[in-house]
Engineer: 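Quick one: the structure is below, questions incoming.
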Amino acid sequence: MIETSAGVVVAGAGAAGHSAARTLRQEGYTGPLTVLHHEAHAPYNRTLVNKAVLQGLLTAAQVALPSLDDLDVHLVRAGVHTIEPDDSVLVLDNGERLPYSILIAATGSTPRPHNAYLGEAARLVHIHTIDDAARIRDWFREDPGATAVTLLGAGFIGAETASYLTDAGAAVHLVSRPTVPLAGALGGRIARRVTELHAEHVTTHFGRQVRAVSGGADSVTVTLDDGHILESDLAVVAHGTVPATAWTTDTETGIAVDDRLRAVGLRHVYAAGGVAVHTARTGRSYRIDHWDAASGQGAHAAKALLHDHAGGEDPGPYVPSTGYNFRIYRHAIAAYGVALPGAVERQHPTGSADGLLTAFHEPGQQAMTATAAFDASRELLALRGQLERP
């Protein structure tokens, strides 16, 4: 049974933490429940940072998640500094020591650290938080003549941000190390179509690395490994994320979990969202850093916790069946599941000449672990029900 003196602590109030807390109450847990949240803003939907806040469509208040006040939750405005697993204690960044009976680690992810070459140019910013989006948006409002932007990274966030800035009238330089960005997530065929779209709308520098960044108060200069020098009003870093696990003993790779999202090697700890590292049947590790996946994992971890400690129903193995979507240059791209390296790609017919639909299967097996679509949402939804655990 769950020790009532310390109860359950959820470290993180984003998609995974919010979902975990709400599921615990909905499934009948009535004991002490503490949720940690370290950002200045109220917990918010991070997918809307570049989709809505950057574009000025929504404010910070409008992207906030529903309050947990109705759930009898003790919300602590602090982050985790370290964990003392032998004593079941979290040391918070405000110095407080917080005991737990059971912990759900949902601290999410942080922007991938940029190399030292990027320095601290005044007009160099990540695109990860509400404040990042507001900073970029405010620059354009204060300086209407600022029309040149260099985007470092052409993944999901980089691609969508490039599309928006282009529509807003900016001249965009898009830099990517891979020559075909997103091939691992979307498959070669769809990724090549996305690459073609980029070439039609922005100036691409694919297969390139950044050698140096410098700048003053009004501009930033990016030097690439082929000698190209990109002068811009602003440079935006979109290199992806890493698990926010500086507070754990394993600070770089995330928290390994089993198929019920129990943390491996940590007693009475579960992990969900961008901090959780899963293991496929092939032995390959993978992490899923998407909003819907984090929400689904938070709920699954809560149900597994209640099964293990309070006699609840077994939720079964976690199956990555949630998805993500984004729009670039007026085209819709979406995917479900997890496409692991080495997956076999199989093409499916679509209802339009321009639509593309790809399914990803484990090598040598029939199991379909992911599917992705370009302008083929109806066909994508039809395939989703066939997804299996990697």
Side-chain angles (χ1 to χ4, degrees), residues 45-58 111 125-128 132-133 136-137 140 147-208 230 232 234-241 289-293 322-337 339 345 350-358 370-381:
N45 185 331
R46 200 174 297 278
T47 62
L48 297 176
V49 166
N50 73 307
K51 293 177 183 291
V53 178
L54 174 63
Q55 302 178 34
L57 300 176
L58 297 174
V125 64
H126 284 280
I127 176 67
H128 185 71
D132 292 335
I136 297 170
R137 187 186 67 233
F140 280 93
T147 58
V149 180
T150 296
L151 265 167
L152 305 179
F156 301 111
I157 301 299
E160 198 165 39
T161 303
S163 176
Y164 161 67
L165 292 174
T166 299
D167 286 344
V172 176
H173 289 279
L174 186 58
V175 181
S176 167
R177 290 183 184 180
T179 54
V180 183
L182 293 173
L186 300 176
R189 194 176 179 199
I190 295 177
R192 286 191 293 273
R193 181 69 184 104
V194 171
T195 299
E196 292 169 357
L197 282 175
H198 283 313
E200 295 169 9
H201 293 85
V202 304
T203 302
T204 59
H205 306 270
F206 290 175
R208 301 266 65 91
L230 311 178
S232 304
L234 180 69
V236 179
V237 182
H239 282 167
T241 65
D289 194 16
H290 299 297
W291 182 266
D292 286 352
T322 52
Y324 54 88
N325 63 84
F326 62 104
R327 293 186 65 85
I328 59 170
Y329 316 114
R330 297 175 175 79
H331 291 275
I333 299 158
Y336 291 104
E345 297 180 25
T350 66
S352 69
D354 296 328
L356 301 173
L357 182 65
T358 301
T371 181
F374 178 94
D375 286 345
S377 298
R378 182 181 302 175
E379 294 86 352
L380 177 70
L381 289 173

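The chain is numbered in sequence order, starting from 1. All values below come from the heavy atoms of this structure, side chains included, with hydrogens, waters and symmetry mates left out.
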Engineer: So how far is it from Leu151 CG to His239 NE2, rounded to the nearest 0.5 Å?
Structural biologist: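 Result: 10.0 Å between the selected atoms.
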
Engineer: Tell me the closest heavy-atom pair linking Ala370 and Gly337, and the distance in Å.
Structural biologist: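 The answer is CB-C, 3.8 Å.
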
Engineer: Using a 4.5 Å cut-off on heavy atoms from C-beta on, say whether the side chain of Val236 contacts that of Val149.
Structural biologist: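 The answer is yes, as the side chains (C-beta and beyond) meet within the 4.5 Å cut-off.
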
Engineer: Give me each pair satisfying salt bridge (Lys or Arg N to Asp or Glu O under 4.0 Å) with a member in residues 149-165, each pair once, sequence neighbours excluded.
Structural biologist: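 Output for this query lists Lys51-Glu160.
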
Engineer: With sequence neighbours excluded, what pairs up with Tyr336 under the ring-ring contact (aromatic ring centres under 6.0 Å, His included) test?
Structural biologist: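 None.
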
Engineer: Identify the heavy atoms of Trp291 and Thr47 that sit nearest to each other, and give their distance.
Structural biologist: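 Of all heavy-atom pairs spanning Trp291 and Thr47, the closest is CB-CG2, 3.1 Å.
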
Engineer: Can you list the residues that meet the side chain to side chain contact (heavy atoms under 4.5 Å, CB included) rule with Ala332, with sequence neighbours excluded?
Structural biologist: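 Checked Ala332 against side chain to side chain contact (heavy atoms under 4.5 Å, CB included); matches are Arg327, Asp375.
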
Engineer: Run the side chain to side chain contact (heavy atoms under 4.5 Å, CB included) test against Ala373 and tell me which residues pass, sequence neighbours left out.
Structural biologist: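 For Ala373 the side chain to side chain contact (heavy atoms under 4.5 Å, CB included) partners, ignoring immediate neighbours, are Leu357, Ala376, Leu380.
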
Engineer: Atom CZ in Arg193, atom CD1 in Ile333: separation rounded to 0.5 Å?
Structural biologist: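 Atom-to-atom, Arg193:CZ and Ile333:CD1 are 9.5 Å apart.
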
Engineer: What pair of heavy atoms forms the shortest contact from Ala133 to Val53, and how long is it?
Structural biologist: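 Closest approach of Ala133 to Val53: CB-CG1, 3.8 Å.
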
Engineer: Which heavy-atom pair separates Ala148 from Ser232 by the least distance, and what is that distance?
Structural biologist: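 Closest approach of Ala148 to Ser232, heavy atoms only: O-CB, 3.6 Å.
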
Engineer: Please report the shortest heavy-atom distance between Tyr329 and Leu197, naming the atom on each side.
Structural biologist: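 So the two residues come closest at CD1-CB, 3.8 Å.
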
Engineer: Using salt bridge (Lys or Arg N to Asp or Glu O under 4.0 Å) as the criterion, list what pairs up with Arg192, not counting sequence neighbours.
Structural biologist: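 Arg192: no salt bridge (Lys or Arg N to Asp or Glu O under 4.0 Å) contacts found.
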
Engineer: Output the distance between atom OG1 (Thr195) and atom CG (Leu182), rounded to the nearest 0.5 Å.
Structural biologist: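 Rounded to the nearest 0.5 Å, the OG1-CG separation comes out at 7.5 Å.
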
Engineer: Any ring-ring contact (aromatic ring centres under 6.0 Å, His included) pairs touching residues 176-197, not counting sequence neighbours?
Structural biologist: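 The answer is none; no pair qualifies.
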
Engineer: Holding to ring-ring contact (aromatic ring centres under 6.0 Å, His included), I want the full list of residues that pass it with His290, two or more places apart in sequence or in another chain.
Structural biologist: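 His290 satisfies ring-ring contact (aromatic ring centres under 6.0 Å, His included) with Phe156, Tyr324 only.
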
Engineer: Got a sec, which residues hit ring-ring contact (aromatic ring centres under 6.0 Å, His included) with His126, two or more places apart in sequence or on another chain?
Structural biologist: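 Scan of His126 (ring-ring contact (aromatic ring centres under 6.0 Å, His included), adjacent residues dropped) gives His114.
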
Engineer: What residues form a ring-ring contact (aromatic ring centres under 6.0 Å, His included) with Tyr164, not counting sequence neighbours?
Structural biologist: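 If we apply the ring-ring contact (aromatic ring centres under 6.0 Å, His included) test to Tyr164, skipping adjacent residues, there are no hits.
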
Engineer: Donor-acceptor check, side chain of Thr147 to backbone of Ala170, threshold 3.5 angstrom: yes or no?
Structural biologist: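 The answer is no, because no donor-acceptor pair under 3.5 Å joins these two groups.
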
Engineer: Can you name the residues that form a side chain to side chain contact (heavy atoms under 4.5 Å, CB included) with Ala372, not counting sequence neighbours?
Structural biologist: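 Applying side chain to side chain contact (heavy atoms under 4.5 Å, CB included) to Ala372 gives Leu186, Ile190, Ala335, Phe360.
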
Engineer: In Å, rounded to the nearest 0.5 Å, how long is the span from CG of Leu174 to CZ of Arg208?
Structural biologist: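 The distance works out to 14.0 Å.
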
Engineer: Grab the two heavy atoms, one from Pro181 and one from Ala191, that are nearest each other, plus how far apart they are.
Structural biologist: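 That closest heavy-atom pairing would be O-CB, 3.5 Å.
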
Engineer: Can you measure from CG (Leu230) to NE2 (His205) and round to the nearest 0.5 angstrom?
Structural biologist: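 It comes to 4.5 Å.
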
Engineer: I need the Thr161 OG1 to Leu54 CG distance, nearest 0.5 Å.
Structural biologist: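 The OG1 atom of Thr161 sits 6.0 Å away from the CG atom of Leu54.
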
Engineer: Mind checking what makes side chain to side chain contact (heavy atoms under 4.5 Å, CB included) contact with Thr204, not counting sequence neighbours?
Structural biologist: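 His198, Val202, Phe206.
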
Engineer: Working note: Val194 + His331, criterion side-chain contact (heavy atoms from CB on, under 4.5 Å); need CA distance, chi angles, decisive distance, verdict.
Structural biologist: CA-CA 9 Å; Val194 171; His331 291 275; over 6 Å; no

Engineer: Output all residues satisfying salt bridge (Lys or Arg N to Asp or Glu O under 4.0 Å) with Glu345, sequence neighbours left out; order by chain, then residue number.
Structural biologist: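 If we apply the salt bridge (Lys or Arg N to Asp or Glu O under 4.0 Å) test to Glu345, skipping adjacent residues, there are no hits.
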
